[in-house]
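Shown next, in structure tokens, is the structure this report addresses.
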Amino acid sequence: MSGGGCSIVWFRRDLRVEDNPALAAGVRAGAVIAVFVWAPEEEGHYYPGRVSRWWLKQSLAHLDFSLRSFGTSLITKRSADSVSSLLEVVKSTGAKQILFNHLYDPLSLVRDHRAKEVLTSQGIVVRSFNADLLYEPWEVNDDQGRPFTTFTSFWERCLSMPYDPESPLLPPKRIISGDVSRCRPDTLVFEDDSEKGSNALLARAWSPGWSSADKALTNFINGPLIEYAKNHKKADSATTSLLSPHLHFGEVSVRKVFHLVRIKQVLWANEGNKAGEESVNLFLKSIGLREYSRYMSFNHPYSHERPLLGHLKFFPWVVNEDYFKAWRQGRTGYPLVDAGMRELWATGWLHDRIRVVVSSFFVKVLQLPWRWGMKYFWDTLLDADLESDALGWQYISGTLPDGREFDRIDNPQFEGYKFDPHGEYVRRWLPELSRLPTEWIHHPWNAPESVLQAAGIELGLNYPLPIVGIDAAKARLEEALSEMWEQEAASRAAIENGTEEGLGDSSDNNDGVIAFPQDIQMEENREPPRNNPPPPTTRHYEDQMVPSMTTSLFRVDEEESSVDFRTSAVDSRAEVPTNVVVTQERRSEVLNRGPVQTITQPQYNPTAMQYVAEDSTAESSSTTRRERDGGVVPVWSPSATSYSEQFVSEENGIGASSSYLQRHPQSHQIINWRRLSQTG
DNA sequence: CTTACCTTTGT
DNA sequence: CAAAGGTAA
């Protein structure tokens with residue numbers, strides 16, 4: 001197109017030069033100005049955690065370095081508002097168009113839509129691209145043209161689409177730099193002094209940036225991939241791809257991963273290597289889950305906050321800070337869980353299996369609200385990813401149509417012997433148990449006194465007794481479930497009677513928002529939780545507020561004192577937040593919440609999607625040629641509403657025809673829970 | 001060795 | 001629930 005002005009390429013989570021459609025389009029159009037805007041406050045609760053910021057910092061430096069070798073550099077802006085920063089850059093450079101690649105998390109969807117509106121209204125051409133997915137969410141539909149609601153059907157369709165995913169683009173040969181002489185870049189600060197020490201350790205294990213991402217990919221494909229099916233159950237993982245943080249920041253494109261892996265698969269299939277082929281399928285499934293997480297986020301943009309199955313709204317979560325803290329510190333008394341939580345804290349990384357173990361323990365045994373756990377993952381994982389994590393926690397919590405059954409509790413003791421049969425994993429992360437024989441390593445509470453003594457263990461002193469017994473947890477879960485159904489029925493009845501108010505209006509909860517306890521302050525070295533005395537336990541009938549744990553760089557002054565979970569020492573970590581930010585936004589959101597919640601239609605209205613077609617041929621989607629360059633820009637349909645209103649209206653809204661509950665009325669009854677997960 | 005029955009697992 | 005894997009007879 002018009003070779004005249006230069007283009008701004010707005011980098012976000014696509015920190016690579018290869019197979020970067022926005023960059024490629026910019027290069028094709030002429031001169032390019034590469035921009036990264038750091039506006040973390042825009043993320044609200046999801047201000048990136050320490051390790052995540054560390055990664056970003058390295059990755060940006062790496063990107064800048066390589067852009068320089070192509071003939072330009074990365075302009076960085078510190079901002080409270082991405083869109084106005086972009087405008088600023090436009091003004092100082094005279095750029096004519098802005099190019100970026102799509103993101104699908106709820107915050108980005110809203111922000112990018114606004115960006116597009118504002119910039120377009122200023123006469124700037126805005127074009128956006130698919131760089132993060134094999135297929136755009138709106139491309140994958142069932143035979144009735146509706147979005148899938150279960151993973152398997154979604155993924156089957158993806159693998160049998162009439163056209164293949166786009167092949168990866170080569171990196172540009174050279175990038176002509178736009179004139180940035182009048183553009184004032186900001187230096188970005190990603191860590192404070194208290195974080196530097198801990199971050200230094202990360203560099204030993206990880207190397208962010210697209211070239212390491214490429215290396216990791218090749219290593220994986222030529223190494224562990226073939227054995228993936230065999231090994232993927234081992235907690236000790238030299239066998240995973242280790243690609244997730246790279247993928248999160250877009251340092252390598254999924255399409256490249258997909259294509260290279262597929263090539264191997266064909267090769268192995270020809271050799272008749274069954275195991276290899278199987279391994280590829282399994283690995284691709286995890287790529288598929290990543291795709292699906294974007295798909296779900298796009299179709300249900302509130303899924304990081306609300307269960308997708310409505311009745312879960314009535315589950316009486318246990319709001320217990322002691323539990324929460326014990327879990328974070330790896331002091332639950334279940335070695336596999338504790339080892340996982342210590343590894344997570346120490347390294348920012350967890351094998352997928354162990355993520356399942358600790359999160360399912362969190363939800364099913366402790367019955368803490370899943371969003372707390374998700375938030376903690378967000379704050380501590382190197383590959384923290386809103387879409388993937390939301391999907392994962394919803395799956396574990398049984399709040400998806402195809403998630404695990406709600407009433408199923410996995411026993412960490414048995415899982416221990418499955419995933420860590422020799423106890424090596426536990427011994428590595430729980431030094432206090434290192435001398436315990438394998439026979440007892442996953443259930444020390446059963447070990448004879450003499451064995452414990454020989455191993456130097458005093459249960460309740462240097463290693464806790466189980467914080468909750470599995471049997472007690474089962475009983476409590478059953479009770480909670482029947483309460484949930486009661487509440488749900490009551491709410492439905494209330495709605496039918498027109499007594500609106502609806503949900504769980506009963507006695508104990510004030511305005512429907514559970515504030516994180518402020519009155520309880522936690523002493524650091526309290527006695528480890530005991531087995532039996534039922535802890536002070538409150539139940540609440542609403543989704544929980546997420547405790548605000550992220551340490552914003554602007555809040556460093558708070559809680560200066562002694563303990564701070566940001567520091568690296570394991571003992572002083574994970575201080576329970578004493579303050580919860582109850583924003584007005586969320587409050588109104590909860591208040592306005594509608595009646596029995598369903599899986600609703602996407603608010604995204606594909607027909608409202610706008611075509612910014614310089615590429616002329618906007619063909620219909622099922623033909624072989626897809627839009628790529630200058631393709632579809634996703635757009636929020638009713639744009640007048642505020643962020644929170646959009647969520648609310650989505651929930652209340654819509655789609656009589658395809659509301660999940662309407663198609664599956666039986667999901668109101670627990671006995672049909674099982675069948676529910678089949679249908680759809 | 002087969003079969004009926006069980007437990008486990010799965011996005 | 002269905003598929004897979006394991007066990008007892």
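Because only heavy atoms are used, hydrogens play no part in the values below, and waters and symmetry mates are left out as well, while side chains stay in. Fair warning: this is a prediction, and the values are worked out from it, not measured in the lab.
At whole-Å resolution of the value, OH in A:Tyr417 and P in B:dT8 are 16 Å apart. Spacing between atom CD of A:Glu415 and atom P of B:dG10 amounts to 10 Å, rounded to whole angstrom units. Rounded to an integer number of Å, the gap from CG of A:Asp352 to C1' of B:dG10 is 13 Å. For the pair A:Glu405 CD and B:dT8 P, the interatomic distance rounds to 14 Å; values are reported in whole Å. The distance between atom CZ of A:Arg404 and atom C1' of C:dC1, rounded to the nearest whole Å, is 16 Å. The separation between A:Ile396 atom CD1 and B:dT9 atom C1' is 13 Å, rounded to whole Å. Remark: P of B:dT8 and CZ of A:Phe419 are 13 Å apart, rounded to the nearest angstrom. Following rounding to the nearest Å, A:Phe414 (CZ) and B:dT7 (P) show an atom-to-atom distance of 12 Å.
Note on A:Arg353: only backbone sugar-phosphate atoms sit closer than 4.0 angstrom, heavy atoms only; bases stay farther off.
For A:Arg408, no side-chain nitrogen or oxygen approaches OP1 or OP2 of B:dT7 to under 4.0 Å. In this structure, A:Lys418 does not reach the B:dT8 phosphate: none of its side-chain N or O atoms is under 4.0 Å from OP1 or OP2.
A cation-pi arrangement is absent between A:Arg294 and A:Phe298 under the rule of less than 6.0 angstrom and at most 45 degrees off the ring axis. At least one test fails for A:Arg355 against the ring of A:Trp393: distance under 6.0 Å to the centre or angle within 45° of the axis.
Residue A:Arg13 is tested with A:Asn101, A:Asp385, A:Asp132, A:Asp105 for a side-chain hydrogen bond (donor to acceptor under 3.5 Å, both in side chains); the sole match is A:Asp105.
In this structure, A:Tyr302 and A:His300 have perpendicular ring planes: the angle between them is above 60°, well past the 30° mark.
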